[in-house]
Amino acid sequence: MTQVLTYDPAAVEAGWQERWARDRINEPDLDRPRRPFYNLMMFPYPSAEGLHVGNMFAFTGADIYGRFKRLQGHDVFEPIGFDAFGIHSENYALSVGTHPAKLIPQNIETFRRQLRRFGGMFDWRHELSTTDPRYYKWTQWIFLQLFRAGIAFRKKAAVNWCPKDMSVVANEQVINGFCERHPDTKVEQRFLEQWFFAITRYAERLLQNLDRLDWSSSTAVLQRNWIGRSEGAELIIETPAGPKIPVFTTRPDTVFGATALVLAPEHPYVDQLIAEEQRRAVNAYRREVQGKDLVSRRVGDKTKTGVFLGSYARNPATGEAIPIWIADFVLMDYGTGAIMTVPAHDKRDFEFASQFGLAIREVVRTGEPLPSETEDGVLVNSGQFDGLSCREAKPRIVAWLQSKGLATPKVQYRLHDWCISRQRYWGPPIPIIYCDRCGPVGVPERDLPVELPFIEDFRPDASGVSPLARHKEWYYVACPQCGAQGRRETDVSDTFLDSAWYFLRYPSTEFDDRPWDPQRTKTWLPVTTYIGGNEHAVLHLLYSRFVTMALQELGHVTFDEPFPKLRAHGLIIKDGAKMSKSRGNVVIPDAYIQRWGADTFRMYLMFLGPFQEGGDFRETGIVGIRRFLDKVWAAAHEAAARTPGAGPGLPQAVERKLHQTIRKVTADTESLDYNTAIAAMMEYINLVREQRAGSREAVEPLLIMLAPYAPHLAEALWAVLGHDRTIFAASWPSHDPALASAGDVEVVVQVNGKVRGRVTVSPGATEAQVVALALKDESVRKFVNGKPVRKTVYVQDRLLNLVV
RNA sequence: GCCGGGGUGGCGAAAUCGGUAGACGCAAGGGACUUAAAAUCCCUUGGGGAGCGAUCCCCGUGCAGGUUCGAGUCCUGCCCUCGGCACCA
């Protein structure tokens, strides 16, 4: 006998990782692939803490899919990179007092080590980092394309300002009105000149295209809600004082019930509409509102406040005079910044009217108490439209008002233009030069990249001006158009711009003279399968779709959707809660991998629960996976020790189970149901052991099915069985339906829907045969008890129900 | 408040079309091996009840109804929970 070899994951895994690298196993021919398959996963932000278990869960799930596709004969390109710019990195660098230019490369090195260690099938030739000038050169190039096309533009906008950070903070860094990093500090509102991308121009297309994308429905729903399409009309409200105020409404059918015009406090026409005696009150109110920050105005206590302007407008339907108010529940950045209030049919308007004694006029009879918002009702107090249903009335009233020049049908979106300016240091400088004569001028493409200069003190200050402005040699530059002295844009762009196109870059990382090679792009894009988390459903994924659409319009790519197939994975939680540093429940995978090996840990994460739903991390179950792999290890060694060709073939039960297992593992891996695929393989190995059927024939197909899940172990055992080439050169087994269903089947016999017995028949037995057999069964007879069988229900090879 | 998941043993979960509820795994209990322990192997394990026993009966998928020969699965109305959005006109 040979010596007993026990499974030592550390040795197995190190050896195979080395060999994969040496033999370039994971590097497909990008120029001449036979069946290109672009397997993309969301690249990580390389934090100082290293890869956490959530990253690893996501990457493992995606890697399994890539390896599976590879075994099915595809040329799988599975790249990885680092999303290393951004406020997150910068804040961390500030807190530890180390420059991000020093910190980030260290972090990336840690991530590389961890990503190699977990056994991802990455093509490291095509690694990228968004902080690399060779990369962000093209981020800036994209900005310039959009700038020239008028898709990137400047406007003044309200932003969140944290007085402790002395900086703008992103919306996602504001929690209930307080700064994420300073829970006792409220963010303020500032107005700054910002760069925007006109994503709203694409709102309809972004929405419509969702119907033809093969996406997890959870993700598509989030995007739909975020885009927030609503259909209605823009009504023109005339004021005797002069200006005509447009208002957006989704309920033009209720216009006869509009009893006030309410403007946002910042509305540009407010000044013209104030009656002298109200000026003091109005100004006081506006000052009060300005003191409120953006967020608490939105989510704070929702008691209605407001003030009468002292003047009146005309209800477009009735011609009656209605008072004009300002109130902060009307938001300047949605619709037109002005509304008509219909207190009888809108809860907010009802509250407002009740508080300030405004008229409440019912115009839709619904049978419910006011305010009733339902559209199931008929119009009343609405002149010639009385008696119509809401649905009928809407278009007619709009048409009637339109004929008087007072309305137009309108579609409104919740989606806002994308503000990409950041008054920060750690990002790609926006490639614009301001010239007093020429205005904002794009940096000529030959001068890209505009490198981010090294600044020792990159701390933001209270001025609202970016740290880059303090670097005078960098800041002052000749205008590319007229040569006069100009000044560089000192804001950097949003991190989400970096990640909005990285998938275009991966296949073309070696080219420095083009962002993406047309031929490579044609071969590999759009991305075949994208797997990632829903935390990016409306940011990264929406921005990427928008950038791709714009690039297509400008002729730079040939497709308008980058991710035709997307799957959202679930979240790994700990003790029932999201992992977060503040909770102190973040799990770092390294210790587990060291103790159990990458294969065991990968499979454990996948066995925790359904991949697309996530699960609660508890280390108690890991040993079960290890025991399974030990069994496979033993079975493969046993098979290797057997003389080839000796003995009978597979026992029928094992052969049948094998084909059932192939069927199930194939289907489940394809649909990302990894937990049940693993369970099926466990059942199979249990049967092989029970039947002492550990032969080459029994084990080899299992190893191939296991290879996506436990790649190192599968490789090692494949070699033990005498194969020279990598197991990933093998082909995925196929199942024989006949063998999968060979042998007798057990049919359940029910009497009146309750299980009373079982009969064994050969597959395809007729109903009559099964009934005859069933009636011989003692237990069945007991419950039939001589009563006549009124009806039988038979499900082929599965179930017979006798109704007595 | 609105939109979307989800609620099944002690625990993680499974159940493809409405057809044997609890596969697979963990934990627990019992046994084998061992000087002992670990590891490994075997058995038991939803709740309740009857029987010496092989076995058998009743109940059971958040709650209350309904459809059906048959419901974890479909329908109606609730409760709880997680995630997203939130004064969006």
Side-chain angles (χ1 to χ4, degrees), chain A residues 6 217-226 228-230 232 247-251 254 262 297-304 327-331 333-342 345-349 351-352 373 412-416 534-535 537-538 568 570-571 573 576-578 604 607-610 612-625 627-628 630-631 634 664 667-668 671 673 675-684 686 689 746-758 779 782 789-796 798-804:
Chain A
T6 52
S217 63
S218 57
T219 315
V221 164
L222 288 171
Q223 285 212 353
R224 270 192 200 100
N225 292 347
W226 188 263
R229 183 184 200 273
S230 46
V247 300
F248 174 71
T249 178
T250 54
R251 294 296 302 275
T254 63
V262 185
R297 174 169 160 191
R298 289 187 168 211
V299 302
D301 94 89
K302 290 182 181 170
T303 314
K304 298 287 180 288
D328 73 351
F329 80 93
V330 178
L331 307 173
D333 60 2
Y334 184 78
T336 61
I339 62 162
M340 62 172 197
T341 53
V342 184
H345 303 292
D346 182 289
K347 261 194 291 197
R348 297 156 303 181
D349 296 351
E351 240 178 78
F352 185 69
E373 297 187 325
Q412 185 68 45
Y413 301 90
R414 204 188 75 94
L415 181 69
H416 283 55
N534 265 343
E535 66 274 19
V538 293
L571 203 64
I573 57 176
K578 237 184 204 167
Y604 168 65
F607 196 58
L608 220 54
Q612 293 176 84
E613 282 164 37
D616 201 344
F617 184 90
R618 240 170 302 85
E619 51 192 280
T620 51
I622 301 181
V623 69
I625 295 289
R627 291 205 265 251
F628 164 67
D630 281 335
K631 291 177 197 173
K664 181 151 181 68
D668 286 358
S671 57
D673 293 313
N675 55 333
T676 50
I678 292 169
M681 291 189 275
M682 287 174 166
E683 279 186 58
Y684 176 65
N686 288 345
R689 284 162 60 86
E746 193 181 68
V747 174
V748 168
V749 182
Q750 297 182 336
V751 179
N752 288 338
K754 290 196 170 184
V755 181
R756 299 302 184 185
R758 293 171 173 80
S779 156
K782 193 169 102 196
V789 174
R790 277 201 298 122
K791 182 178 173 186
T792 60
V793 181
Y794 182 57
V795 182
Q796 185 73 56
R798 295 201 64 152
L799 174 138
L800 173 72
N801 189 11
L802 302 171
V803 185
V804 300

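The chains referred to below are lettered A, B, ... by the order of the sequence lines, with proteins before strands, and numbering in each begins at 1.
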Requested in this report: Specify the closest pair of heavy atoms between D616(A) and I573(A), including all atoms of both residues, with the distance to one decimal.
Outcome: OD1-O, 3.1 Å
Requested in this report: Check whether any side-chain heavy atom of T676(A) lies under 4.5 Å from a side-chain heavy atom of K664(A), and answer yes or no.
Outcome: yes
Query - Intermediate values then yes/no, side-chain contact (heavy atoms from CB on, under 4.5 Å), D346(A) and E373(A) - result: CA-CA 6 Å; D346(A) 182 289; E373(A) 297 187 325; 4.1 Å; yes
Query raised in the report: Quick one: is the NZ or CZ of K304(A) closer than 6.0 Å to the six-membered ring centre of F329(A), and within 45° of its axis?
Result: yes
Query raised in the report: Which is true for S217(A) with a 4.0 Å heavy-atom rule: it touches a base, it touches only sugar-phosphate, or it touches nothing?
Result: nothing
Query - Value in whole Å for how far the P atom of C17(B) lies from CG of L799(A) - result: 17 Å
Requested in this report: Any chance you could measure K578(A), atom NZ, to L571(A), atom CG, to the nearest 0.5 Å?
Outcome: 6.5 Å
Query - Same-atom distance (P) from A15(B) to A23(B), integer angstrom - result: 13 Å
Query - Between P of A14(B) and CD of Q612(A), the distance in whole Å - result: 12 Å
Report task. For residues F628(A) and N686(A), determine if any side-chain heavy atom of one lies less than 4.5 Å from a side-chain heavy atom of the other. Result -> no
Name the pairs: protein N/O against N/O of nucleotides 24-30 of chain B, kept only if under 3.5 Å.
from, atom 1, to, atom 2, distance (Å)
G25(B), OP1, N686(A), ND2, 3.0
C26(B), OP1, R627(A), NE, 2.9
C26(B), OP1, R627(A), NH2, 2.7
C26(B), O2', T620(A), O, 3.3
A27(B), OP2, R627(A), NH2, 3.2

Report summary line: Which of U20(B), C59(B), A13(B) is nearest the side chain of N675(A)? It is A13(B)
Report task. Check the distance between C2(B)'s P and E373(A)'s CD and give it to me in whole angstrom. Result -> 10 Å
Query - K578(A) side-chain proximity, nearest of C58(B), G84(B), U20(B) - result: G84(B)
Query raised in the report: Does any non-hydrogen side-chain atom of T249(A) lie less than 4.5 Å from one of M340(A)?
Result: yes
Requested in this report: Mind telling me if C17(B) is syn or anti? Syn here is a glycosidic angle within 90° of 0.
Outcome: syn
Report task. Could you check how far CZ of R758(A) sits from C1' of G19(B), rounded to whole Å? Result -> 13 Å
Query raised in the report: Glycosidic conformation of G48(B), syn or anti, with 90° from 0 as the boundary?
Result: anti
Requested in this report: Answer yes or no: does a side-chain N or O of K754(A) lie under 4.0 Å from OP1 or OP2 of A21(B)?
Outcome: no
**Report entry** Side-chain donor/acceptor contact of K304(A) with base of C87(B) under 3.5 Å
**Finding:** yes
Query raised in the report: Any side-chain heavy atom of Q750(A) within less than 4.5 Å of one from L802(A)?
Result: no
Requested in this report: Provide the distance between the two C1' atoms, one in C58(B) and one in G7(B), to the nearest whole Å.
Outcome: 26 Å
Query - Of the listed nucleotides C69(B), A89(B), U20(B), the one nearest the side chain of T249(A) - result: A89(B)
Query - Length of the CZ-C1' vector between R798(A) and U16(B), whole Å - result: 9 Å
Requested in this report: Could you check which of A21(B), G84(B), C3(B) has an atom nearest any side-chain atom of N225(A)?
Outcome: C3(B)
Query raised in the report: Considering only heavy atoms from C-beta outward, does the side chain of K754(A) approach that of R756(A) to under 4.5 Å?
Result: yes
Query raised in the report: Touch check for V748(A), heavy atoms < 4.0 angstrom, all strands: base, sugar-phosphate only, or nothing?
Result: base
Report task. Can you tell me, in whole Å, how much space there is between the P of A14(B) and that of C74(B)? Result -> 16 Å
Report task. Taking the side chain as every heavy atom from C-beta outward, state whether R798(A) and V748(A) have any pair of such atoms under 4.5 Å apart. Result -> no
Query - Nearest-Å distance once atom P is located in both G84(B) and G66(B) - result: 39 Å
Report summary line: By side-chain contact (heavy atoms from CB on, under 4.5 Å), N225(A) pairs with (sequence neighbours left out) V221(A)
Report task. Could you walk me through whether T792(A) and N801(A) pass side chain to side chain donor-acceptor pair (under 3.5 Å), step by step? Result -> CA-CA 6 Å; T792(A) 60; N801(A) 189 11; over 6 Å; no
Query raised in the report: What is the nucleic acid contact for R689(A), judged by heavy atoms within less than 4.0 Å: base, sugar-phosphate only, or nothing?
Result: sugar-phosphate
Query - Contact check, side chains of L799(A) and Y794(A), non-hydrogen atoms, under 4.5 Å - result: no
Report task. Using the C1' atom on both, measure G10(B) against A27(B) and round to a whole Å. Result -> 8 Å
Query raised in the report: Which one, A15(B), G1(B), C56(B), comes nearest to the side chain of T676(A)?
Result: A15(B)
Report summary line: The residue, D346(A) or L802(A), whose nearest nucleotide of RNA chain B is more 5′ is L802(A)
Query raised in the report: Touch check for R414(A), heavy atoms < 4.0 angstrom, all strands: base, sugar-phosphate only, or nothing?
Result: base
Query raised in the report: Just how far, in rounded Å, is P of C41(B) from CZ of F628(A)?
Result: 14 Å
Query raised in the report: K664(A) near the nucleic acid: base, sugar-phosphate alone, or nothing, with a heavy-atom cut-off under 4.0 Å?
Result: nothing
Requested in this report: Please state how far atom CD in E613(A) lies from atom C1' in A14(B), giving the value in whole angstrom units.
Outcome: 12 Å
Requested in this report: Calculate the interatomic distance between Q223(A) atom CD and C3(B) atom C1'; express it in whole Å.
Outcome: 15 Å
Query raised in the report: Distance between the P atoms of G19(B) and G70(B), in whole angstroms?
Result: 14 Å
Query - Watson-Crick and G-U pairing of RNA chain B, under 3.5 Å, as dot-bracket with | and [ ] - result: (((((((..(((......[....))).(((((.......))))).(((((....)))))..(((((..]....))))))))))))....
Query - Sugar-phosphate only, base, or nothing, as touched by I339(A) at under 4.0 Å among non-hydrogen atoms - result: base
Requested in this report: Measure from the side-chain heavy atoms of P610(A) and tell me the nearest of C69(B), A13(B), G84(B).
Outcome: A13(B)
**Report entry** Span that lies between the P atom of C41(B) and that of C26(B), in whole angstrom
**Finding:** 10 Å
Report summary line: Note: for W226(A) and Q412(A) on RNA chain B, the residue whose nearest nucleotide lies more 5' is W226(A)
Requested in this report: Rounded to whole angstrom, note down the C1' distance from U61(B) over to G47(B).
Outcome: 14 Å
Report task. Would you indicate which nucleotide in A89(B), G84(B), U20(B) comes nearest to any side-chain atom of V330(A)? Result -> A89(B)
Report task. Remember a base hit wins even if backbone is also touched, and classify N801(A) as base, sugar-phosphate or nothing at under 4.0 Å, heavy atoms. Result -> base
Query raised in the report: Base, sugar-phosphate, or nothing: which does S218(A) touch, judged by heavy atoms less than 4.0 Å apart?
Result: nothing
